[in-house]
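Please read the structure below before turning to the comments.
Reminder, nothing fancy here: chain letters follow the sequence lines and each chain counts from 1. Keep in mind the model is a prediction, meaning the values are calculated, not measured.
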Amino acid sequence: MANKVIETTLEKPVRTLGGLDVAYDEESDELVAALSRFDYPSMQHVASHTSRGKTAFPYIPGLFSFRELPAVLPLFAEQDRALWPDVIICDGHGRIHPRRFGLACHLGVLLDWPVTGCAKNHLCGDWEVPAEPRGSWSPVVMDGETIGAALRTQDGVNPIFVSVGNRVTLEEAIEVVLKASPNYRLPETTRAADAAVRAALAKT
DNA sequence: GCGACAG
DNA sequence: ATCTTGTCGC
């Protein structure tokens, strides 16, 4: 499946951005997935919608997509492709993965759509701490190949990990994620999706 | 054998 | 991811 990842420049200018996140309720084995939508590059929040499901796979590092994708896919199946955000930002890695096929790649290949990975923590690969200023980044290398970047989205905060999911270049992924993170460590897309899943899970 | 390990 | 008090810093 990793061979099906297409690492190319975006085909059209980005006008909308999407963000994904999932929240769980261990007690009921229920989970909620959310897709947030933003105008780009204005980063004005347009809307967020959620989908409920049942946990059916445990969390295993390296097999993350098998846990979250079943809950995420319905968010796209319910919509016309023309309404999908131009670029989707996942809350997990893309090519930064032992088999170079993380959640963002898996979703990107299944949808055949531009997707970028954006994780809060390191999974694999060697990297150096980037310079302090916002926008600084350093490559994440594995087997001599650059598979992603450690990106500083705000001065002095810990870097986040950006990597190609599908149909974008690493440089484009870094630019989009940085512009989507004007005020906080995480992209507005991820923050909005996170707020949506928590709110939905709260009223259960 | 030992350490690392997205959410 | 989720739980959960106090604490440090702007």
Note to self: Considering every strand and a 4.0 Å limit on heavy-atom distances, what is the contact class for A/His97: base, sugar-phosphate, or nothing?
What the structure shows: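 Here A/His97 touches the bases of the nucleic acid.
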
Next item on the list: Using a 4.0 Å heavy-atom cut-off across all strands, classify A/Gly117 as base, sugar-phosphate, or nothing.
Entry: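 If one applies the 4.0 Å heavy-atom cut-off, A/Gly117 turns out to touch nothing in the nucleic acid.
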
Separation of [N] [atom2] from [X] [atom1] (nearest whole Å):
X        : N      : atom1 : atom2 : result
A/Ile96  : B/dA6  : CD1   : P     : 12 Å
A/Asp21  : C/dT2  : CG    : P     : 8 Å
A/Asp155 : C/dG9  : CG    : P     : 18 Å
A/Leu63  : B/dA6  : CG    : P     : 12 Å
A/Gln154 : C/dC10 : CD    : P     : 15 Å
A/Leu103 : B/dG7  : CG    : C1'   : 9 Å
A/His93  : B/dA4  : NE2   : P     : 16 Å
A/Glu27  : C/dC3  : CD    : C1'   : 11 Å

Check: Using a distance-only test with no angle check, is there a side-chain donor-acceptor pair under 3.5 angstrom linking A/Gln79 and A/His49?
Finding: yes

Note to self: Under the criterion of centre distance below 5.5 Å and interplanar angle below 30°, is A/Tyr59 classified as stacked on the base of C/dA1?
What the structure shows: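 Here the ring of A/Tyr59 and the base of C/dA1 are not stacked, as the 5.5 Å and 30° limits are not both satisfied.
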
Item checked: Any A/Lys120 side-chain nitrogen or oxygen under 4.0 Å from OP1 or OP2 of B/dG7 -> yes

Check: Taking OP1 and OP2 of B/dC5, is either one under 4.0 Å from a side-chain nitrogen or oxygen of A/Asn121?
Finding: no

Next item on the list: Answer yes or no: is there an ion pair linking A/Glu7 with A/Arg95, defined by an N-O contact shorter than 4.0 Å?
Entry: yes

Notebook entry, point to check: Salt bridge between A/Asp39 and A/Arg15, side-chain N to carboxylate O under 4.0 Å?
Noted result: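 No.
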
Checklist line | Pi-cation contact, A/Phe76 with A/Arg81 (under 6.0 Å, within 45°) | finding: no

Next item on the list: Looking only at side-chain atoms of A/Leu201, point me to the closest of B/dG7, C/dT2, B/dA6.
Entry: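 Minimum distance to the A/Leu201 side chain belongs to C/dT2.
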
Next item on the list: Measure from the side chain of A/Ala23, starting at C-beta and using heavy atoms only, and say which of B/dC5, B/dG7, C/dT2 lies closest.
Entry: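 Between B/dC5, B/dG7, C/dT2, the one nearest the side chain of A/Ala23 would be C/dT2.
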
Item checked: More than 12 heavy atoms from other groups under 6.0 Å of NZ on A/Lys54 ->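 Yes.
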
